[in-house]
There are 2 protein chains.
Amino acid sequence: MATRLSDVAAQAGVSVKTVSNVINDYPHITARTRAKVEAAIAALGYRPNVSARSLRKGRSDFIALAIPEMASPYFAELGAEISRAAKRRGITVLIDQTEGESAAEKLVLDGMRGQLIDGIIFSPITTVPAKLTVADIGKPLVLLGERPAGGQFDRVAVNSVQASCDATTHLISIGRRRIAAIGVGGTSTGVVRRKGYRKALKAAGLPHDPALELAGTGYHREDGAASMRELLALPEPPDAVFCFNDLLALGALRTLADAGLRAPHDIAVVGFDDIEDGRYHSPTLSTISPDKEWLADNAVALLLDRIAGNGEAAHRDLTVPYTLQIRESTAG
Amino acid sequence: MATRLSDVAAQAGVSVKTVSNVINDYPHITARTRAKVEAAIAALGYRPNVSARSLRKGRSDFIALAIPEMASPYFAELGAEISRAAKRRGITVLIDQTEGESAAEKLVLDGMRGQLIDGIIFSPITTVPAKLTVADIGKPLVLLGERPAGGQFDRVAVNSVQASCDATTHLISIGRRRIAAIGVGGTSTGVVRRKGYRKALKAAGLPHDPALELAGTGYHREDGAASMRELLALPEPPDAVFCFNDLLALGALRTLADAGLRAPHDIAVVGFDDIEDGRYHSPTLSTISPDKEWLADNAVALLLDRIAGNGEAAHRDLTVPYTLQIRESTAG
DNA sequence: CTGAAAGCGCTTACAG
DNA sequence: CTGAAAGCGCTTACAG
């Protein structure tokens with residue numbers, strides 16, 4: 001039924017080895033032989049069976065990207081970039097939605113997809129990588145995000161403390177003095193970004209009011225909306241809010257609109273991620289903009305380097321460039 | 001290095017056949033044997049090698065989802081649902097970004113990922129499925145969207161003509177008379193939704209003005225923004241716009257905001273897709289809301305049925321339930 | 001370059 | 001239930 005390598009060899013009048021050499025771009029093939037083989041491949045519509053190849057080689061040229069949820073715009077945009085970066089290098093990305101289950105558990109349970117994939121780019125949410133060991137994984141792994149890699153894994157992340165400090169400082173620079181933070185939950189993201197937020201307040205000699213730090217239950221629009229409602233109910237509401245991601249900020253802006261308030265006039269709002277949504281919202285959203293293409297390209301490169309055998313090199317920690325995008329929600 | 005089936009068999013003191021039976025949940029295993037095998041699996045941390053399994057069985061329990069772009073919220077949300085629906089049935093989804101390349105070309109070129117996947121759920125953009133033959137694909141395929149399946153494939157789609165007619169009729173019902181349409185491009189989506197749009201105008205006895213039908217170059221926010229600018233530049237701008245997807249509508253709303261105009265006061269806007277973004281935008285976006293979970297579940301079920309061997313059954317065409325969500329952009 | 005053969009780790013008839 | 005063996009379609013030493 002399916003065409004096999006040997007069929008191609010027969011059709012081209014060469015050995016299977018030669019066909020394999022052509023397919024895998026090995027040297028020492030004359031142009032004439034290559035042409036013959038390629039003609040046979042085209043004539044038969046032959047496609048290599050990746051299961052067989054990967055069984056034999058122990059490599060599949062598939063990598064996995066594990067993200068909390070693909071419907072979240074930041075991860076959707078990141079996934080698109082990583083998929084593109086991988087494709088440029090001839091490898092395919094499988095997207096894995098962890099959906100907030102304990103991702104380490106999932107990783108181990110799934111057994112890395114039965115060894116199909118060569119490595120994984122992992123954006124953890126519940127897992128503490130410090131507890132993950134290389135042995136648990138058994139494959140190269142690149143971490144994304146603020147969680148410390150514990151010297152065990154390669155990692156690509158924005159300097160979240162610095163970026164959060166910049167975002168908060170920006171609010172101070174436009175004259176705000178009572179600045180809230182939304183998203184200070186128990187996650188690494190919450191912890192690290194709060195650190196930057198507090199650092200900026202301190203540097204400006206501003207008091208730190210615990211009532212202005214809202215945890216919420218997640219990082220979605222609805223959580224931002226709910227947290228903003230809490231802030232508006234305060235005896236003394238803030239004049240600015242730093243939301244730890246854009247989704248929270250968008251939700252917060254909705255609450256302001258519902259309350260008949262305007263950003264930045266009543267309350268200035270700044271986010272983090274620079275998802276496209278924020279660039280079209282009314283008002284447009286000021287935000288920290290990490291270079292997602294850079295992030296994707298470097299995460300893939302790091303992983304492929306490990307897969308290629310650089311297993312013993314020291315673990316690398318790459319810092320993603322970012323900019324502060326000032327838009328309507330803090331300008332005017 | 002890696003643990004194999006035979007290692008498990010040795011550890012449990014049974015045959016490889018028995019281990020295989022346990023793993024694949026075949027009958028005729030005593031509880032005692034099963035327990036022994038499971039203990040051995042746990043002790044050794046054994047995971048089946050999916051490449052070997054799929055090579056042998058000719059089935060991988062992987063399916064592909066081919067979408068134009070995963071960073072587009074509608075497709076991201078749909079991908080999340082399909083991924084979830086598949087996981088419930090024990091199968092894994094590989095997401096494939098076609099990125100507007102001729103997708104049929106891509107499908108054939110990629111050779112269905114070298115036979116790794118068992119079937120594909122395909123949301124075409126440039127391809128004309130009528131030209132695709134089952135032989136080209138060689139695997140079960142379920143089509144998503146308005147393109148006619150030509151009786152060759154299973155298909156799951158919203159009745160776009162009806163839904164577009166409903167959306168337009170809604171604009172008429174709130175008193176609008178000069179209703180524009182954005183997104184009437186050369187794609188199937190554009191053609192079909194325009195049909196519903198025109199149908200509604202005709203039913204209401206409203207004139208059809210070609211100047212109010214804008215094609216744009218795509219279905220992104222920026223295209224909606226550009227089209228709305230064109231409409232505002234008209235000697236006689238519309239009092240309402242039906243955008244063929246939410247992204248276009250969100251872009252159109254941005255242009256209105258930039259021009260100091262308000263929806264629905266100056267121009268009412270309705271979209272199509274019901275992405276989360278629209279529910280938080282200011283104003284919130286009225287839209288056609290297809291049941292994405294229903295869509296995902298049925299698309300996966302249809303595909304798995306074919307994969308299971310129902311290859312010869314007549315091709316099915318499923319219609320996705322939808323509702324019209326009336327929000328701020330048309331109410332008030 | 002060729003040709004014959006082994007082996008990756010499974011599943012599955014086959015004989016018992 | 002067991003045990004021995006074939007075979008899925010590749011890649012890769014091996015001898016030439």
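Residue numbers begin at 1 in each chain, while the letters A, B, ... track the order of the sequences.
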Sugar-phosphate, base or nothing in reach of B:Ser6, heavy atoms under 4.0 Å: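 Counting heavy atoms under 4.0 Å across all strands, no contact is made by B:Ser6.
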Within this structure, what is the [atom1]-to-[atom2] distance between [X] and [N], rounded to whole angstrom?
| X | N | atom1 | atom2 | value |
| --- | --- | --- | --- | --- |
| A:Arg56 | C:dC8 | CZ | P | 8 Å |
| A:Asn21 | D:dA13 | CG | P | 12 Å |
| A:Arg59 | D:dC10 | CZ | P | 18 Å |
| B:Lys17 | C:dG16 | NZ | C1' | 14 Å |
| B:Leu44 | C:dG9 | CG | P | 14 Å |
| A:Arg47 | D:dC10 | CZ | P | 12 Å |

Salt bridge flag under 4.0 Å for residues A:Glu77 and A:Lys292: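 Counted as a salt bridge, because a side-chain N and a carboxylate O are separated by less than 4.0 Å.
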Mate of D:dA15 where both pairing distances stay under 3.5 Å, Watson-Crick or G-U: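 Base partner found: C:dT2.
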A:Lys36 vs A:Val16, nearer the 5' end of DNA chain C by closest nucleotide: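 Nearest nucleotide further toward 5': that of A:Lys36.
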By nearest atom, which of the nucleotides [options] is closest to the [X] side chain?
| X | options | result |
| --- | --- | --- |
| A:Ser15 | C:dC10, D:dC10, C:dG3 | C:dG3 |
| A:Arg4 | C:dC10, D:dT12, D:dG9 | D:dG9 |
| A:Asn49 | D:dA5, D:dC10, D:dT12 | D:dC10 |
| A:Arg53 | D:dC10, C:dT12, C:dA5 | D:dC10 |
| A:Leu55 | C:dC10, D:dC10, C:dC8 | C:dC8 |

First of B:Val19 and B:Lys57 reached from the 5' end of DNA chain D, by closest nucleotide: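 Upstream on the strand: B:Val19.
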OP1 or OP2 of C:dT11 under 4.0 Å from side-chain N/O of B:Ser20: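 Yes.
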Reference residue B:Arg89; test salt bridge (Lys or Arg N to Asp or Glu O under 4.0 Å); the match among B:Asp305, B:Asp297, B:Asp118: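 Only one of B:Asp305, B:Asp297, B:Asp118 forms a salt bridge (Lys or Arg N to Asp or Glu O under 4.0 Å) with B:Arg89, namely B:Asp297.
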Interatomic distance at C1', C:dT12 relative to C:dG16, whole Å: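 After rounding to an integer number of Å, I get 16 Å for this pair.
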Test log, rule side chain to side chain contact (heavy atoms under 4.5 Å, CB included), inputs A:Asn21 and A:Lys17: CA-CA 6 Å; A:Asn21 285 342; A:Lys17 177 73 174 95; 2.8 Å; yes
Nearest heavy-atom neighbours spanning B:Leu94 and B:Ile117: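 B:Leu94 and B:Ile117 have their closest heavy atoms at CD1-CG2, 3.8 Å.
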Expected output: side-chain B:Arg155 to main-chain B:Gly145 donor-acceptor under 3.5 Å: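 Between the backbone of B:Gly145 and the side chain of B:Arg155 there is a qualifying donor-acceptor contact (under 3.5 Å).
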